[in-house]
Amino acid sequence: MTKEKKKEGKEAGQSALQVWKNNWFLLKLCFAASPVYMITYLLDAIRGHFFIFLEHTYGIGYVLEAAEFGYPFRNVAVFLITTAALITLGMIFSALVSNYFEVRELPKIRRKVKMMLYEKARTLDLQCYDNPDYYNELTLAIAEADRQIDRCILFLKKVACGITGFLSVGIYFLVKDKFSILLALAAFLIAYMFNQLYNKLSYKIRVERNPYERKREYVKRVFYLNDYAKEMRLHPDVSRILFEDFKKANGDIYEVERKYAGQRFFLSFLKKYIGNDFISDVIYISYLVYQAAVRKVLSFSSVAILYNSFGNLKWNLRIFTDLYPYACETSLYVQKILDFLNTESRVTSEQNRTVTKKAKEIEFQNVSFSYRKDGEDILKDISFHIKPGEKIALVGYNGAGKTTLTKLLMRLYDPTQGDILVDGISIRNYAVEEYRNSIGAVFQDFKIFAGTVAENIAYGKKNASQEEIEAAAKAVYAHSFIKRLPEGYDTIISEDSGLSQGQKQLICIARIMLMNPPMLILDEATSSIDLRTEQKIQLSFEKLMKGKTSFIIAHRLSTIKNADVILVMKNGNIIEQGNHDRLIDMNGFYANLYKSQFSS
């Protein structure tokens, strides 16, 4: 059996206790977020099904018996008027629940669950995002949150409706004809068995379809998003290849559906016909005719109402038939949400020590690192020592390990071997969030958040004033272009707002300028800025880095000539280190790289 099939079998084979716990977990969250809505919703479900019994079973039966046995008209009129009044009041209550409580309270429930997921996502280790399998589970958990809340609330309604309907109609049938209950239970058990098999098959199909649907959605986005419009026109082959991928994804989805079509049809026929229509329309009607015409133990009005209400009783029992498979499917998705929420971070603090604001002394002690347990080391036995306030440059070809080294320093990952000391203390002993907040980083794949320009800069410092925001922007020469925007600092921007890469990068750099951390990491921080602007920013960086320990990754070696220490990396190793003059005198890798850049 393959690994995927084993996992699939494990997911589909939940115990009844686990199904109950998962559904109860989500129900508790719903009640905690909005008890008023949940209670009124439950009462409305009970009201609705009791009134269905009152009107369709007891009411019609009473009127038919009155006509057959000659009840006084006054009694019938009082009954009908009272029933109509109760139903009217119930409809008013139902409208209040759906048009007031649901509109006001349901978003509170969704917000509570989504905030739990978002808070967890904020604290997840970066390696979770690098794991495709885990990332698929993560995105599915978040995408399914609202749907599972709705399903869980509907599950509660089904339980209330089933119990109310079964008790009311069941008691009526016990009074009129006890054997009818046995026939209804037979239909219930048969439909239950086939329904459980059908729902497991439906879940299996959805899981198999999911990767192909995600691939298809990606291709669809590429065709209509403006981010890809230029590339699609400059490289026609891309369109052809993507279209082939789209066709293949559709074909794969079709194959999944075709593979299970026979099983789905057969199970659907068994659960809908054998467990329902055959018993009610063939067996039960024959039994009622026999009881009334042959044995004469049932009145004609009782035969009419029992047959008419058998479908109602069967429907109430069918709710119970659907409940467990329905709860199982909900539980499978809730389990993904729980697995996501229960993911333990591997990057944790051992002592929760505080971080000082002074410049940092940094030491790497025989640090090695691999992104996968069985993978090749990206960094190999790295050791170096940096004094407080020094400026360090990392140099090397792409893939040398420069960015990985800075990720370890920021504790986005922990080394697989060795240790990193900051101010003589292992970074594992610092409070994780506080330690990360002591580092200001600008990466080459920087991001702009949807919001105003001022808000994007202010993310660097809580409760920053407008004066502080503008001062940071002026320091990195961003103030002039920001003032030319339609609303200045109040202009709404995003990744797709029309700003150039250089302008967006200046905003990110202003954010770090405002943050004013004791450690800086600049990973190709000026890669999207023209040479003239870069010269100005280098001056601002000099001011920013004064009194701080700073790491700079740059391919243009002219920008790091003044670095106190230059670490030259190749294939995960530090092959040379020293200042610019010393490395030039060594006439090694760095010197050759420097000369090649200036000769070109």
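- For E376, the CD atom sits in a loose shell: 12 or fewer heavy atoms of surrounding residues, nucleotides or ligands are nearer than 6.0 Å.
- Contact of the S480 side chain with the R484 side chain is registered, since non-hydrogen atoms from C-beta on lie closer than 4.5 Å.
- Of the possible donor and acceptor atoms, none in the side chain of E361 sits under 3.5 Å from a partner among the backbone N and O of G424.
- Using a 4.5 Å cut-off on side-chain heavy atoms (C-beta onward), Y590 and I566 make contact.
- Note that R147 lies in the cation-pi zone of Y333, set by a 6.0 Å cut-off to the ring centre and a 45° limit from the axis.
- Distance check: I584 CD1 to N592 CG gives 9.0 Å after rounding to the nearest 0.5 Å.
- K402 contributes atom NZ, which lies 12.0 Å from atom CG of L567 (distance to the nearest 0.5 angstrom).
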Starting from the C-alpha separation in whole Å, work towards a yes-or-no answer on side-chain hydrogen bond (donor to acceptor under 3.5 Å, both in side chains) for S349 and N352.
CA-CA 5 Å; S349 174; N352 280 325; 3.2 Å; yes

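- Using a 4.0 Å cut-off between a side-chain N of Lys or Arg and a carboxylate O of Asp or Glu, E105 and K108 qualify as a salt bridge.
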Can you check side chain to side chain contact (heavy atoms under 4.5 Å, CB included) on L593 and Y397, steps first, answer last?
CA-CA 10 Å; L593 187 63; Y397 294 130; 3.9 Å; yes

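- Using a cutoff of 4.0 Å between basic side-chain nitrogens and carboxylate oxygens, E119 and R122 are scored as salt-bridged.
- Ring orientation note: the planes of F364 and F384 are close to parallel, at an angle under 30° on the 30°/60° scale.
- With salt bridges taken as basic N to acidic carboxylate O contacts below 4.0 Å, one links E468 and K461.
- Y118 has its side chain out of reach of V113: every pair of non-hydrogen atoms, C-beta onward, lies at least 4.5 Å apart.
- Proximity of a side-chain donor or acceptor of N210 to a complementary backbone N or O of R206 within less than 3.5 Å is not detected.
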How far apart are the C-alpha atoms of R110 and D150, what are their side-chain angles, what is the distance that settles it, and do they pass the side chain to side chain contact (heavy atoms under 4.5 Å, CB included) test?
CA-CA 9 Å; R110 291 175 174 167; D150 293 339; 2.8 Å; yes

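- Closest of all the heavy-atom pairs between I109 and C30 is CG2-SG, 3.6 Å.
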Passes side chain to side chain contact (heavy atoms under 4.5 Å, CB included), V219 versus R216? Steps please.
CA-CA 5 Å; V219 175; R216 183 173 65 178; 5.9 Å; no

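- Across every non-hydrogen atom of S331 and N23, the tightest pair is CB-ND2, 3.8 Å.
- In this model, no donor atom of one side chain and acceptor atom of the other lie less than 3.5 Å apart for S368 and D381.
- Neither side chain, K447 nor N456, offers a donor N or O lying under 3.5 Å from an acceptor on the other.
- The minimum heavy-atom distance linking L412 with R436 is given by the pair CA-NH2, 4.0 Å.
- Of all the heavy atoms in M545 and S550, the pair that sits closest is CG-OG, 3.2 Å.
- The main-chain N or O of K387 is found under 3.5 Å from a side-chain atom of E390 such that the two form a donor-acceptor pair.
- Using modelled atom types, one finds a donor on one side chain and an acceptor on the other under 3.5 Å when comparing T404 with Y371.
- Screening L408, D125, V347, D419 for a side-chain contact (heavy atoms from CB on, under 4.5 Å) involving D414 leaves a single residue, V347.
- No side-chain heavy atom of I552 sits less than 4.5 Å from a side-chain heavy atom of L394.
- Taking each heavy atom of Y489 and A473 in turn, the nearest pair found is OH-CB, 3.2 Å.
- Residues that satisfy the side-chain contact (heavy atoms from CB on, under 4.5 Å) test with K561, not counting sequence neighbours, are H580, Y594.
- Closest of all the heavy-atom pairs between F443 and Q505 is O-NE2, 4.2 Å.
- Judged by distance alone, the side chains of N571 and K380 never bring a donor and an acceptor atom under 3.5 Å apart.
- For K21, the salt bridge (Lys or Arg N to Asp or Glu O under 4.0 Å) test picks out no residue, with sequence neighbours left out.
- Contact check on R151 versus E144 returns no salt bridge, with no Lys/Arg side-chain nitrogen under 4.0 Å from an Asp/Glu carboxylate oxygen.
- The side-chain heavy atoms of K391 and I560, taken from C-beta on, include no pair separated by under 4.5 Å.
- A 4.5 Å side-chain heavy-atom check between I427 and Y435 finds at least one atom pair inside the cut-off.
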